[in-house]
Amino acid sequence: MAGVTGRLVRGWCPRAVRRLSLLLTSILQCLSFTFLPVAKFTQPFSSLQVPAQLHMSKTAMGASQKDFESAMNQVKLLEKDPGNEVKLKLYALYKQATEGPCSTPKPGVFDLINKAKWDAWNALGNLPKETARQNYVDLVSGLSSSSDSSSQVKPEADREQAGYETLVMTSEDGITKIMLNRPTKMNALTTQMYQEIMLALEAASKDDSTITVLTGNGSYFSSGNDLTNFTHISPDEIEEKARRGAILLRDFVGCFIDFPKPLVAAVNGPAVGISVTILRLFDLVYASDRATFHTPFSHLGQTPEGCSSYTFPKLMGPGKAAEMLIFGKKLTAAEACAQGLVTEVFPDSTFQKEVWTRLKAYSKLPRNALRISKQMIRNHEKEKLHATNAEESRILQERWLSDECMNAIMNFLSRKAKM
Ligand SMILES: CCCCCCCCCCC/C=C/C(=O)SCCNC(=O)CCNC(=O)[C@H](O)C(C)(C)COP(=O)(O)OP(=O)(O)OC[C@H]1O[C@@H](n2cnc3c(N)ncnc32)[C@H](O)[C@@H]1OP(=O)(O)O
């Protein structure tokens, strides 16, 4: 502990070092609930226990409520502590499922445990209660089956992580793959999907894999923000939704800025909007020759995000960046590669085989060396990226309230309705 603190604060005065050391020690003590015996681990998460009113109304409820209750009971019977990350996820899903979106005041910065719980709940945004209930049940079922007996645990090779509705997350050969999984909607990103991607990245950052890969299922990589995120909002809600949308956007992009391991995009098909802009935050971008790169922000009355207002001009020069980000010019994979946005293009027919063969070889390299090198390359810019992200999110929050943006979204949705 003292060694860690010492390394962190080399060059500081001894009093400051002592204070920081004390602070870190108390933080670690606060977080030590990880090591509580399993029988007690719900204690700091007491609301995981089944409240009486849920039992009372059980008969009037559907099957999924029954599943939910049984999942809550299974949590208490778990033999192995699932770890803080999972406990926070369970807590957040439980609160969302029973109380809806987080609306309680944020605890103070030093109230570490309650703040972590509040953050986890608040991060679920407007996830519907039913979805939260289902996600809770799926998550517990994954935990129960993995603690049932070691013979039932699937081999590492194809283990699929439970708890995601819009993604498929797998770990194999030192590679964690996060696959966007709404192929019939061209992997358009719903608010639930943003949340799940953040959770998946958080999990991938801590698992024992070497490389993390984001890809899409079906013909598209992603068609960007799901424009139905703007629907079913009453006029008196719009400002609050825009505010929450901006926080979601900032947190989502922030996860990519801070991701600590080598991050690879396997762009299997066309990419639109935010699925293009975040690419600059990846370490490698492999694209099928069928992929295209389109950022029609102005057409939607919107403005760039994903730090692209900073990274794109820096990468390709202000003229080429303007063509993409202001005028919505769509690039082919070859053009995106020539601009440096894509690392390498592969023929679509051999894309999967070539990319995964390459990544499997890379994943055998020394894990810590890869991680440290990535951080050395990325750390120079982190502060600037976070500042850009905050500014882009703030500006978009205003844009979403503009007539230009609302009209453009109505056009897209009414075009659909006419078909
Ligand atoms: C108050 C606000 C809170 C908001 C919170 C947001 C938080 C983060 C915001 C981040 C900002 C991001 C910005 C962007 O990403 S901008 C880019 C947005 N994307 C688009 O404009 C693309 C729109 N889609 C299309 O143009 C076409 O669908 C596409 C070219 C992608 C494919 O065309 P094609 O003809 O091949 O296929 P279809 O159009 O028939 O699509 C099949 C079905 O999929 C649905 N679909 C596809 N993409 C989207 C999308 N982005 N949003 C919603 N729906 C999408 C499409 O409607 C079809 O559905 P149906 O089969 O049901 O009709």
Side-chain angles (χ1 to χ4, degrees), residues 101 123-127 166 180-198 216-256 267-279 281 290-309 312 324-326 328-330 388-419:
L124 294 180
N126 286 328
L127 187 71
T166 62
L180 308 175
N181 194 29
R182 294 182 73 226
T184 58
K185 300 288 181 189
M186 312 308 182
N187 297 320
L189 301 165
T190 57
T191 50
Q192 179 186 358
M193 212 153 165
Y194 289 111
Q195 305 284 3
E196 291 194 356
I197 294 170
M198 287 193 276
N217 187 13
S219 59
Y220 263 65
F221 177 59
S222 167
S223 61
N225 190 37
D226 190 311
L227 297 176
T228 64
N229 286 336
F230 295 96
T231 57
H232 308 298
I233 303 178
S234 65
D236 55 324
E237 281 179 331
I238 179 77
E239 288 201 11
E240 178 56 15
K241 292 268 182 183
R243 192 186 68 80
R244 281 176 179 253
I247 294 172
L248 178 65
L249 172 62
R250 194 197 58 206
D251 290 351
F252 176 75
V253 174
C255 287
F256 288 90
V267 186
N268 53 299
V272 186
I274 192 166
S275 74
V276 175
T277 55
I278 55 167
L279 290 176
L281 305 174
R290 215 173 42 76
T292 51
F293 300 82
H294 190 200
T295 47
F297 298 129
S298 303
H299 300 72
L300 293 166
Q302 297 186 32
T303 46
E305 25 60 357
C307 298
S308 58
S309 61
F312 279 31
M324 281 192 85
L325 297 176
I326 306 181
K329 182 182 176 192
K330 191 194 284 186
T388 306
N389 182 27
E391 180 68 352
E392 289 176 346
S393 304
R394 189 189 63 72
I395 292 173
L396 261 176
Q397 179 179 344
E398 287 168 12
R399 282 277 90 210
W400 290 329
L401 303 177
S402 71
D403 287 346
E404 286 181 344
C405 176
M406 290 189 191
N407 290 338
I409 285 157
M410 269 170 27
N411 277 344
F412 173 77
L413 297 170
S414 62
R415 215 172 37 220
K416 262 181 62 159
K418 276 188 218 134
M419 290 195 298

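Both counts, for ligands and for their atoms, begin at 1 and track the order of listing.
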**Message:** So for Y220, does at least one of its heavy atoms come nearer than 4.0 angstrom to any atom of ligand 1?
**Reply:**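 Yes, Y220 has heavy atoms under 4.0 Å from ligand 1.
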
**Asked** T184: heavy atom below 4.0 Å from ligand 1, yes or no?
**Response**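 Contact check T184 vs ligand 1: positive.
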
Inter-residue atom distance [X].[atom1] - [Y].[atom2], 0.5 Å rounding:
X    : Y    : atom1 : atom2 : result
N126 : Q192 : CG    : CD    : 12.0 Å
H299 : C405 : NE2   : SG    : 14.0 Å
Y220 : T292 : OH    : OG1   : 6.0 Å

Which of the numbered atoms in ligand 1 are below 4.0 angstrom from a heavy atom of [X]?
X    : value
L300 : 16 (S), 17 (C), 18 (C), 21 (O)
L249 : 10 (C)
N225 : 6 (C), 9 (C), 12 (C), 13 (C), 14 (C), 15 (O), 18 (C), 19 (N), 50 (C), 51 (N), 52 (N)
G224 : 15 (O)

**Message:** Using side-chain heavy atoms (C-beta onward) and a distance below 4.5 Å, is L180 in contact with I197?
**Reply:** yes

**Asked** Any side-chain heavy atom of W400 within less than 4.5 Å of one from I238?
**Response** no

Among [options], whose heavy atom sits nearest [atom]?
atom                    : options          : answer
atom 46 (N) of ligand 1 : R182, K185, K241 : K185
atom 13 (C) of ligand 1 : K330, E305, E240 : E305
atom 5 (C) of ligand 1  : G245, P270, A242 : G245
atom 4 (C) of ligand 1  : F297, F412, F230 : F230

Heavy-atom donor-acceptor pair, [X] side chain to [Y] backbone, under 3.5 Å:
X    : Y    : answer
R399 : G301 : yes
E392 : S309 : yes
Q397 : A246 : no

**Lys/Arg N to Asp/Glu carboxylate O, R243 vs E239, below 4.0 Å** =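 No, no charged N to carboxylate O under 4.0 Å.
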
**Prompt:** For I238 and ligand 1, does the shortest N/O to N/O distance drop below 3.5 Å?
**Reply:**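 No, since none of the N or O atoms of I238 sits under 3.5 Å from an N or O of ligand 1.
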
**Item:** Under 3.5 Å: N/O of Q302 near N/O of ligand 1
**Value:**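 No; the residue has no nitrogen or oxygen that sits under 3.5 Å from a nitrogen or oxygen of the ligand.
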
**Residue part near ligand 1, for A188, under 4.0 Å between non-hydrogen atoms** =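 The part of A188 near ligand 1 is the side chain, not the backbone.
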
